[in-house]
Visitor: 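Sending over a structure as structure tokens; questions will come in a sec.
In listed order, ligands and their atoms are each counted from 1.
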Amino acid sequence: MYNDSQTKELQATTSQLIKSSTICDAQNVNQFRNVLRFHEYRYYVQNNPLISDYEYDTLYKQLEQFEKEHPGAVTPDSPTQRVGAGLIKDFPKVQHLVPMLSLENSYNADDLLDWDRKARELSGLDTIEYCVEPKFDGASISLIYDNDLFTRGATRGDGVVGDEITINTRQIKSVPLSAKFSEYGIQQIEIRGEVLMNKNNFKAYNDGLIEEGYPPLANPRNAAAGSLRIKDTAEVGRRNLEAFLYHVSYFTATRGSSLFKEPTTHSGMLDMLWNCGFRSPKNEMKVVKGIDAVIKYVAAFESRRDDLPYEIDGMVIKVNDLSLQDKLGMTSHHPRWAIAFKFKARQATTLLKDVEYQVGRTGAVTPVAKLEPVQVGGVTVSSISIHNEEYIKEKDLMLGDTVLIERAGDVIPQIVKSFAELRKGTERKIVFPTHCPVCHHKLEKPEEEAVWRCSNINCEAQVVERIIHFVSKDAMDIRSLGEANVRKFYELGLLKNIPGVYTLPFDAVRKLEGFGEKSVTNLQLAIEASKTQPLHRIIYGLGIRYVGETTAKTLANAVSHLNDFATFTEEELQQLEDVGVKVAKSIHAFFNDSENIKILQQLEQLGVQLKNEQKSIPAGGSLLGKTFLFTGTLNKLKRSEAEGLAEQNGGRVVSSVSSKLNYLVVGEDAGSKLEKAKKITTIQIINEEEFIKMLSS
Ligand code: IVH
């Protein structure tokens, strides 16, 4: 797309614009646009940025300002024109220029050998040249460019007619708003590809859903497909979608063009798309002669499947010579010149036999589907969380249903759907319990929440889960106690509550099977050592609702002794960073509950440090009073080291992007946090080096 000399020239222009803080005006506006387009390409298509986000944003804001003052000068392919256009009412139906066909599937080497034999017979050739590329597991999309401008984006729909989603497509940064097809003598072109949400962004998106109390999505494919049809375009932008373009379905030549350089092979088409600024699978594909080499490449690629940043569900093998493609033609369903090779499925169908209900440490009752055990992606799955009552209704689940389950990469297995059409009439409705399955206390559900809860604070299930949380790695970190031992000790009556951790009868433990002298000594030492854990770990370990690790740190910094919280009003708590109405209410209630106060007193009597020994955080420090959030992979520092350094220098580390954030420190492959931060003008976006410089200044 950009050759070396263009790259150097654009980079030189960039430096000049930045260094001299050039104002964007009518003379240099195209320079700004070209530079910004170049850096978008480096960032989103090549994954190899040359400037920091902060520098990019500085240039972008210049252009934005100029266009705001001169609305007549805005061009449709200006980098600013990806900005959301508010809410979309409906997606009109549009006809594809050429129907979007699907592919024939193959599952093993024999299938491929058969397919190759037929193609050779039909063509009369001894060996055929093939192009082998990944089969991207996302949502298919069709794009039209007229006279080099992006004019229409559409979903596949039924293959003939799809939904017009042009505005949402403009939010996908790896889709260029203009492309130099004219240099190939092309006037109108329709291209096909796949929209994806990469694994990192998917994880971040799902974590966000879980944090807000929504069930996660089963796979990135559903996330991509769903995102394309969102009616709030700005939200589409926040989802950080990506697109690979792999097929040209139609084009018209520029009349009388002498430039005509129409590619004659599929790999040539991928090169053309790449040269026009698209992310085509140019670097992922391989051109090979004969089916044996295809089989080899496919196997080699499958072994790399888990290391890719996005999901693929197989490979697509295409006859490389376009005139041979024409000769082979198609059936009514699929082209004869291409075939999909499907990798081992990560989906399986099985029977939903029963639903059990688990009670968590906050009393939340979670339904868990018990399944006929089934192999998915190399592991046996026999139970899957089905989240809450609403989810059961949404997915239309019944006892005895055949269900489709999926284990996408390292995502926790999820039920994708039930097959209502396979019901025999013997299936039974799933009736959510009205009482706690453990202590039989009546369950409650506040209107605005999705979860039923047992409000009995002494409910055994909750007590055990609370102890497990208290000793866990991110809380008091008594690893040798662990979940299994907590359950065992609780059942045997050796451990009854959180303070009980510090009165564990070691003589009795020593007599248990599997507990040698050495392991008991280790346990004793670990428990003893936990007494001086920093205050924020105790606060987190207490399991106060809505108080995660970050809020726990904020709280610890606000007091010199844990008991001080008894004197805080809800309003005072809300003055603390990241503490909203809901969180303040929960903290206030916790420290005004006599049972909880009793627990704190017992802990202190048993030697647990409730004083804030750490409150010696630097009185000065170069980062005093500033908040930081780290995202993406850092090169020089580990994430934990960087966070530690920020704190040691008087800064505070927060967990989410909000207007209270001062600095977002961005590493490689930063995702949704970066996008969110870009929208808040008061946040400074810096890279790792800039952060390190701040420490020493
Ligand atoms: S070629 C006429 N290439 O797989 C040929 N399809 O099962 C058009 N897909 O609908 C398709 N990666 O959404 C092609 N590298 C790739 C692909 C690919 C994913 C999807 C596409 C298609 C489906 C067919």
Visitor: Fit a plane to each ring of His247 and Trp337, take the angle between them on a 0 to 90° scale, and name the class: parallel (under 30°), tilted (30 to 60°) or perpendicular (over 60°).
Guide: parallel
Visitor: State the atoms of ligand 1, each with its element, that fall below the 4.0 Å cut-off from a heavy-atom position in Glu133.
Guide: 3 (N), 15 (N), 16 (C)
Visitor: Could you tell me whether Asp114 and Arg117 have a side-chain N and a carboxylate O separated by less than 4.0 Å?
Guide: yes
Visitor: Would you mind checking which non-hydrogen protein atom is closest to atom 4 (O) of ligand 1, with the distance to 0.1 Å?
Guide: Lys135 NZ, 3.3 Å
Visitor: Counting only heavy atoms, which portion of Pro134 has something under 4.0 Å from ligand 1: side chain, backbone, both, or neither?
Guide: backbone
Visitor: Charged N to carboxylate O below 4.0 Å: is that the case for Glu311 and Arg221?
Guide: no
Visitor: Quick check on Arg192 - does any of its heavy atoms sit under 4.0 Å from an atom of ligand 1?
Guide: no
Visitor: Does a salt bridge link Asp126 with Arg120, judged by any charged N lying under 4.0 Å from a carboxylate O?
Guide: no
Visitor: Which heavy atom of the protein is the closest neighbour of atom 9 (N) of ligand 1, given with residue, atom name and distance?
Guide: Tyr246 OH, 3.3 Å
Visitor: Say whether Ala139 and ligand 1 are in contact under the criterion: heavy-atom distance to a ligand atom below 4.0 Å.
Guide: no
Visitor: Would you give the length of the straight line joining atom CG of Leu270 to atom SG of Cys131, rounded to the nearest 0.5 angstrom?
Guide: 5.5 Å
Visitor: Check whether any side-chain N or O of Ser182 sits under 3.5 Å from a backbone N or O of Asn147 as a donor-acceptor pair, and report yes or no.
Guide: no
Visitor: Only heavy atoms of Ser140, strictly under 4.0 Å: list the atoms of ligand 1 that pass.
Guide: 13 (O)
Visitor: Taking 4.0 Å as the limit for heavy-atom contacts, which would you say applies to Phe136 with ligand 1: side chain only, backbone only, both, or neither?
Guide: both
Visitor: So is Lys318 polar-close to ligand 1, meaning N/O to N/O under 3.5 Å?
Guide: yes
Visitor: Taking non-hydrogen atoms only, is His334 closer than 4.0 angstrom to ligand 1 via side chain, backbone, both or neither?
Guide: neither
Visitor: Which residue owns the protein heavy atom closest to atom 13 (O) of ligand 1, what's the atom, and how far is it?
Guide: Glu194 OE1, 2.8 Å
Visitor: Which option, Ile141, Leu245, Asp313, Leu103, owns the non-hydrogen atom nearest atom 5 (C) of ligand 1?
Guide: Leu103
Visitor: Any side-chain donor-acceptor pair under 3.5 Å between Arg239 and Tyr205?
Guide: yes
Visitor: In sequence, state the C-alpha distance, the side-chain angles, and the governing distance for Arg336 and Glu104, and then conclude on salt bridge (charged side-chain N to carboxylate O under 4.0 Å, His left out).
Guide: CA-CA 8 Å; Arg336 289 197 193 86; Glu104 184 184 353; over 6 Å; no
